[in-house]
Number of protein chains: 2
Amino acid sequence: MTDMTARTTADTKTDAADAADDAGSVSARIPGSGPGEGHEAAEILASARTQVDPELRRAIDSLPGSLRRIALYHFGWEHADGTPASGNAGKAIRPALVLTAVRALGGEPAAAVRAAAAVELVHNFTLLHDDVMDRDTTRRHRPTAWTVFGEAGAILTGDALQALAQRLVAEDPHPGAPAAAARLTACVVELCAGQLADSALEARSPDEVTLEECLAMAEAKTGALLGCACALGAVYAGAGEEEADALDGFGREAGLAFQLIDDVIGIWGDPSRTGKPAGADLAARKKSLPVVAALASGTPAAAELAELYGRSKDDGARGADRTGIGKTGIGKTGIETAGGTGEFAVRAARAVECAGGRDWAQVHAADRMSKAVGQLAGAVPDPESAGGLLALAEFVTRRTY
Amino acid sequence: MTDMTARTTADTKTDAADAADDAGSVSARIPGSGPGEGHEAAEILASARTQVDPELRRAIDSLPGSLRRIALYHFGWEHADGTPASGNAGKAIRPALVLTAVRALGGEPAAAVRAAAAVELVHNFTLLHDDVMDRDTTRRHRPTAWTVFGEAGAILTGDALQALAQRLVAEDPHPGAPAAAARLTACVVELCAGQLADSALEARSPDEVTLEECLAMAEAKTGALLGCACALGAVYAGAGEEEADALDGFGREAGLAFQLIDDVIGIWGDPSRTGKPAGADLAARKKSLPVVAALASGTPAAAELAELYGRSKDDGARGADRTGIGKTGIGKTGIETAGGTGEFAVRAARAVECAGGRDWAQVHAADRMSKAVGQLAGAVPDPESAGGLLALAEFVTRRTY
């Protein structure tokens, strides 16, 4: 029982930052409401990957052999045995935001490729470290680096990737590089604080966690780097502090919307589309935003949810096995039709919904997207120029589930 | 038994980099051969600490609360409960090397305080991470940060300290800062490779480890940052690449000498002076340089040492308990007069000595120091100008045991 629960928890990525990075094909994530929708985002992402990969690869090839091998594995360019792999380094959303922001502000994206690669290196350094801390065993559909090369290997490769990121910007002769370096280091500190807050929140009892704390944590952990990517684009386009701050705000607000939608998908998403076991976030007692909003609602459903979350995880797993619901499915939602977590997750998901957690998350996500659009319009009034950034923001937040 | 062995291993710092950082009073480490010897080094170190601490403190105070608290604890400025502590942040050898190298090349040390603080931040970021990887429980006579604040706290605070280090140099308007930033990031990558090599070497069987590998690992892990500190001083004094490389070489060679002497002390040092349990490096089957040199000697003593190192650590601990030698002491050396590891360590130490490991290490350390002096003389021909750097190098390598 314990093993099963542990595996379910560890295998599941619940952060939007990770989901955005997840390596399903781009087309699989395009909303289904129209055949052309998402097409622009898909093209931007593919182009960013093509532009940034040679710079990324060059940086990683500069590492000493032992660290290089782990980095090449993490980025999907090598198998664990060191043989070449086709590459599966995520969807390049952050580099795409850098390059698209440069273009939106009238700059030359090709001049910002180093900065875009630096942001991707920072993102991957945090993924390597987060996987160690969270004991996650799967990343981009492969075993995480620490499970293959050991904790020390993953921690040290992460450290080296941070150094490479800082070096790419420090050695860039572009006039925007010094301001970019300052923003990037400030962002790393914020990412670290966000991950530490996440660890601390997960260790606390649900009734000791406020929605404000969870939103602040999500902003630091997910919003900060998406905001920094956009701000770096502004800086490389020669924009002033104010425009860069507005683009940072755009990325942050879109990042929050993204996290909210990802949390909803983490509870009600269809496992065949999300690639996650249904209800795993709930089974792991994850304090995702809809759950914390539900707990704070003061409704009878909130009390039921608090009681459910107070039970030990073993009880939940045993419940699932006893009823067999996890295997057979009983109906309507993803939780009920896919295997693994069973009655506990069904009851918890219903309680979150009855307490208004699902509605709150969707309304709040829309509100954040509206704020993002407002920030963008302030910095980039011409809708045509802003189109690429909007397409990316919609791509990451309007996922199907 | 297992617990005792594990504790002995985990409590013991065996790297010279750590020993140089250890927080005993400066005077306790001054060689006893003359009352004035070491006085210059002690003054340089105290002055460096005074100059660098405000910059370090300012950088750490810029961190968000959760990370700041862990950093303040790690640097000895706060107790675990957040109340102020008197400060015990190590001996500041690396910042002292930066500032003393600036002075040796005719520059203004006060202008290099940010670079000196950056080097100290890099050093401390690696200590935080190494303690997690090595499961070390004591640092500067206090529980390590990860034992107090958890693994995630220590990893993330280390990540943030690296970012702060890079930021200090990136934001420094000094004309030497860009070259310093490039050297610092290259050094971080080398430190990571060195620590990874150390982990890999310790996991391998002694007969699969060559002396060349161990020397290369020690150079990357211990020599690189001491070399980088000296090179940054040269860069901040306006010196060219060649002089900076020579000072890097000086620091590296002195660092290797330092590591060799520290390894000798780790086997034959007097526990009352070293603060380490006698023979703990041997009990932990540490592949220190004298041990690997002894194993490679082809002597009968090498064969005996290989046989001893092939035994499980539990056997060693049981042996100590059975004979009681660890508790009562039987004679001549530190290993025999202090408690803990017993007959195993006595036999292993004698085998290392008979196989020539102790002599080799001392001769090789002297050779490295001679190379260090040669590198220094090339860059700083005036003996008076070179005096401060020489005093520091002698201070860290001529420790009593």
Side-chain angles (χ1 to χ4, degrees), chain A residues 62-70 122 125-126 129-130 132-135 149-171 173 177-200 202-203 216 220, chain B residues 62-70 122 125-126 129-130 132-135 149-171 173 177-200 202-203 216 220:
Chain A
S62 77
L63 291 173
S66 52
L67 296 166
R68 185 171 64 239
R69 191 173 157 201
I70 300 172
V122 162
F125 123 62
T126 64
H129 284 190
D130 289 359
V132 170
M133 288 177 245
D134 300 341
R135 299 285 184 268
F149 299 99
E151 268 188 49
I155 292 173
L156 292 162
T157 304
D159 291 341
L161 294 190
Q162 183 186 176
L164 289 182
Q166 308 283 6
R167 191 172 76 188
L168 275 182
V169 180
E171 293 183 353
R183 285 184 181 267
L184 197 62
T185 53
C187 178
V188 168
V189 170
E190 192 174 354
L191 291 170
C192 293
Q195 169 71 9
L196 188 55
D198 194 16
S199 298
E202 287 303 327
Chain B
S62 77
L63 292 173
S66 53
L67 297 166
R68 185 170 64 238
R69 189 172 159 201
I70 300 172
V122 163
F125 124 61
T126 64
H129 285 191
D130 289 358
V132 170
M133 290 177 244
D134 300 341
R135 300 285 184 268
F149 299 98
E151 268 188 51
I155 292 172
L156 292 163
T157 304
D159 291 341
L161 294 190
Q162 182 185 176
L164 289 182
Q166 309 282 7
R167 190 172 79 189
L168 275 182
V169 181
E171 292 184 354
R183 285 185 181 266
L184 197 62
T185 52
C187 178
V188 168
V189 170
E190 192 174 353
L191 291 170
C192 293
Q195 170 71 8
L196 188 55
D198 194 17
S199 299
E202 288 302 327

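Naming convention: chains lettered A, B, ... in sequence-line order (proteins, then strands); numbering from 1 in each chain.
Judged purely by distance below 3.5 Å, without hydrogens or angles, the side chains of A:S62 and A:R167 pair a donor atom with an acceptor atom.
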- Item | Check against side-chain contact (heavy atoms from CB on, under 4.5 Å), A:E202 and A:D134 | CA-CA 11 Å; A:E202 287 303 327; A:D134 300 341; over 6 Å; no
- Message: Pair A:H129, B:L156 - check side-chain contact (heavy atoms from CB on, under 4.5 Å), show working.
- Response: CA-CA 8 Å; A:H129 284 190; B:L156 292 163; 5.7 Å; no
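Heavy-atom pairs under 4.5 Å with chain B were tallied for A:M133, A:Q162, A:Q166; the largest tally goes to A:Q162. Your options are A:A160, A:A152, A:P64, and the one with the most heavy-atom pairs under 4.5 Å with chain B is A:A152. The candidate with the highest count of non-hydrogen atom pairs below 4.5 Å against chain A, out of B:S66, B:A181, B:G65, is B:S66. Ranked by heavy-atom pairs shorter than 4.5 Å toward chain A, the options B:V188, B:D159, B:T185, B:L67 are led by B:D159. Annotation: maximal heavy-atom pairing with chain A below 4.5 Å, among B:L63, B:L191, B:V189, occurs at B:V189.
Contact of A:L161 with chain B is not made at all, since no heavy-atom distance falls under 4.5 Å. With a 4.5 Å cut-off on non-hydrogen atoms, A:F149 does not touch chain B at all.
When all heavy atoms of A:V132 and A:A154 are compared, the pair lying nearest together is CG2-CB, 3.7 Å. Here the closest non-hydrogen pair linking A:G153 and B:L196 is CA-CD1, 3.6 Å.
A salt bridge is absent between A:R183 and A:E190: the closest approach of a Lys/Arg side-chain nitrogen to an acidic carboxylate oxygen does not fall below 4.0 angstrom.
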